[in-house]
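Below, read A as the first sequence line, B as the second, and so on, with proteins coming before strands; counting in each chain starts at 1. From a predicted model like this one, the values you see are computed outputs, not experimental measurements.
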2 protein chains.
Amino acid sequence: MHFVEKLGRFTELSDDERIALATCVETEKVVPAQTRLVNQGDEYPSAYVIERGWSFRQRLLKDGRRQVMNFLVPGDAIGFAAAFFAHADHTVITMTEVRYARIDPDRLMQVIAGSPRLGATLFWSTALEESVLREHIVSLGQRTAREHMAHLLVELAERVRKGGMPEAEAQLLPVTQILLADVLGISPVHTNRTIRQLVREGVIETSARGIALLDEPRLRQMSDFDEQFLHEDGGPDF
Amino acid sequence: MHFVEKLGRFTELSDDERIALATCVETEKVVPAQTRLVNQGDEYPSAYVIERGWSFRQRLLKDGRRQVMNFLVPGDAIGFAAAFFAHADHTVITMTEVRYARIDPDRLMQVIAGSPRLGATLFWSTALEESVLREHIVSLGQRTAREHMAHLLVELAERVRKGGMPEAEAQLLPVTQILLADVLGISPVHTNRTIRQLVREGVIETSARGIALLDEPRLRQMSDFDEQFLHEDGGPDF
DNA sequence: CGTGGTGTTGAAGGAAATCAAGCCCGGTGG
DNA sequence: CCACCGGGCTTGATTTCCTTCAACACCACG
C-alpha cells in the first residue's frame, strides 16, 4: 500500500480516507526487469502505483533517438493524469523486478468525489512530479554533463529515501551507461568519461550492477542542488 | 473568461458549471510588459489565469544562469497546483502587456467539491501542461538547435491558435534572442546564427518586434513535429 | 546626443559527438 | 570445456557543434 502511505505523507489522512483509498487498489503484480508497463502509441492501459523496484519513462523520436524523462521509484504513480489521453506519448520500462498495483480509475473518481481533500492531495502529488520535470529541464538546458550527473544522482537518492525503498537497493542506481546517456541527453562515450572522472574524484563508485554514491555532500555542492525543489516544505494546506 | 472557455473546450460544461466557475474569478488586472507576476523564492501569491498577452516562466541558478521553462498564452493557468507549495520555485514575467484574472483558490475548491467533473477537467489541463514540459525535455535532450527552434515555433503557433489569441498577435512571437537562447539552452550567439539560417531558408522572418512563421509545413517537417503531443485527441472521458 | 540593450558577424577555443579499437564478462552452443 | 558471440564498458584520435571573445551597427530612450 505504498500509494496510501505516499499520500499520507503529504496530508494527515483520516482512517476513513485511508480505507476508501485502499479500496481503489485492485490486483498487485510482479514483473521481471525489461518489462514494458506502458507502450508509446498504445491506448493507456490503466493507472498503476509502483510498490517495489526501478523503472523509467522514455519517449522515442521517429529516427530512433530516445529521451528518458524520469525514473519511477516506489510510491510513484503511472497514468493518473495521462490516462485522460487517448494514447500514451511515452513508454514505461522496468529496470529491475517490479511490483505494482493496479488502481481502479472509476473507483478512485468516486472516492475523490466523496473527499475533496483527497483530490487535492492527489493533485498535489502531480504537481510534485511536475516539479521534477522542471528541474530536469533546468539540468538539460543549463548544467554541464558533470553537474547534471551529480544532480541526478542526488535527486534519486533523495527521492528513493522518501519512497520507502529498502536501504540495500536504494544505495545502488541500477542503470547502464547507455540509459544514463539518454537521460542526460549526451552520448554514451561522453557519459562514460563523465562517470570515470567522478570515480577518480572519489565521489561515486561503479560496479557491474550500477552506480553508488560515496560522497553525497560533494555531489550536492558540485551540482548546486537546491534542497527545496522536492518540496519537503509541506503538502496541501488545509 | 478565457479560463472557463478553455476548460469548456475539454469537457462539455453545463450552464451551472460555467456559472459556478465564473464565481471563482475575482479581479481582472492589466499589467505592462516586463512585470513579474510570480517571484522565485517568494510565497506563492495566488492563482491566476492569463487572458491576454504573452508571459514566460523561468528559473534562476545561484550563479546567474537561467532556464526558461515555457511560455504562457491566453487560457494558461498559473499556480493552481504550485500554490500548494510554500514557495515558488520559478519566476513568471510578462513579455507584453498582459491581462489576467485572479482566481480565488478557496472558492475554486468549493466549486470542485460540488462537481468532481470540474475537478477532473482541471486535473486534465494540468496533465496537458505536463505534456508540454515533457516535450521540452525531449527537445533539449535530443534535438539540435535548429530542430528545437523549429519545434518551439510550431508548438507556440499551435497553442496560440487554440488559446484564442487575436490573429494579429498570434502571428508574431515577441521574444528577444537572449530570451530564446535561455529557452533552447544555447548561447545567444548561436541562437542568432540559427535564426539567420532559418531566415535565409525562407521559413521564418524577423522584425524588431519578434519572429514570424512563413513556412509552417517545412518547420513541422524539419522538427519532426508530432501532431499528437498537444493531445487534441480528446479530453477527459465521461 | 550619449547610453544601454539588442542584433550581427568573424575568429579562436572548448565541450561533446563521432569514429574506431579493444576489453571484460555472461551466455550459448558446438 | 571452450570457442564464440553480443552487450556493455573504456580509451584514444578526429571532427563537429557550440561557446566565448571581440567588434561594430542599430535603435529606442532619457
Is it the case that the side chain of [X] and the backbone of [Y] share a donor-acceptor pair, with hydrogens and angles ignored and the cut-off at 3.5 Å?
{"X": "B:His87", "Y": "B:Gly41", "value": "yes"}
{"X": "A:Gln67", "Y": "A:Asp182", "value": "yes"}
{"X": "B:Thr96", "Y": "B:Gly53", "value": "no"}
{"X": "B:Thr126", "Y": "B:Leu122", "value": "yes"}
{"X": "B:Arg65", "Y": "A:Gln142", "value": "yes"}
{"X": "B:Glu147", "Y": "B:Thr144", "value": "yes"}

Regarding [X], tell me which of base, sugar-phosphate or nothing describes its non-hydrogen contacts under 4.0 Å with the strands shown.
{"X": "A:Thr176", "result": "sugar-phosphate"}
{"X": "A:Ala145", "result": "sugar-phosphate"}
{"X": "B:Ile178", "result": "sugar-phosphate"}

Check whether NZ of the Lys or CZ of the Arg B:Arg220 lies under 6.0 Å from the centre of the six-membered ring of B:Phe225 and within 45 degrees of that ring's axis.
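Yes - B:Arg220 lies over the ring of B:Phe225, closer than 6.0 Å to its centre and within 45° of its axis.
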Which residue, A:His190 or B:Thr206, contacts DNA chain C at a nucleotide closer to its 5' end, judged by nearest heavy atom?
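Final value for this comparison: B:Thr206.
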Counting heavy atoms not belonging to B:Arg209, are there more than 12 under 6.0 Å from its CZ?
no
For B:Glu43, is the CD atom crowded, meaning more than 12 foreign heavy atoms sit under 6.0 Å from it?
no
N or O in side chain of B:Gln177 less than 4.0 angstrom from C:dT8 OP1/OP2
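Yes, such a contact exists.
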Chain B footprint on DNA chain D, 5' to 3' - any atom under 4.0 Å from a heavy atom:
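The contacted stretch runs from D:dC18 to D:dC21.
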I need the [atom1]-[atom2] distance between [X] and [N], as an integer number of Å.
{"X": "B:Gln34", "N": "C:dG5", "atom1": "CD", "atom2": "P", "answer": "12 Å"}
{"X": "B:Asn192", "N": "C:dG5", "atom1": "CG", "atom2": "P", "answer": "18 Å"}
{"X": "B:Gln142", "N": "C:dA16", "atom1": "CD", "atom2": "C1'", "answer": "14 Å"}
{"X": "B:Arg196", "N": "C:dT8", "atom1": "CZ", "atom2": "C1'", "answer": "8 Å"}
{"X": "B:Ile195", "N": "C:dT8", "atom1": "CD1", "atom2": "P", "answer": "7 Å"}

Are there any protein N/O atoms within less than 3.5 Å of an N/O atom in nucleotides 19-22 of chain C, and if so, which ones and at what distance?
none

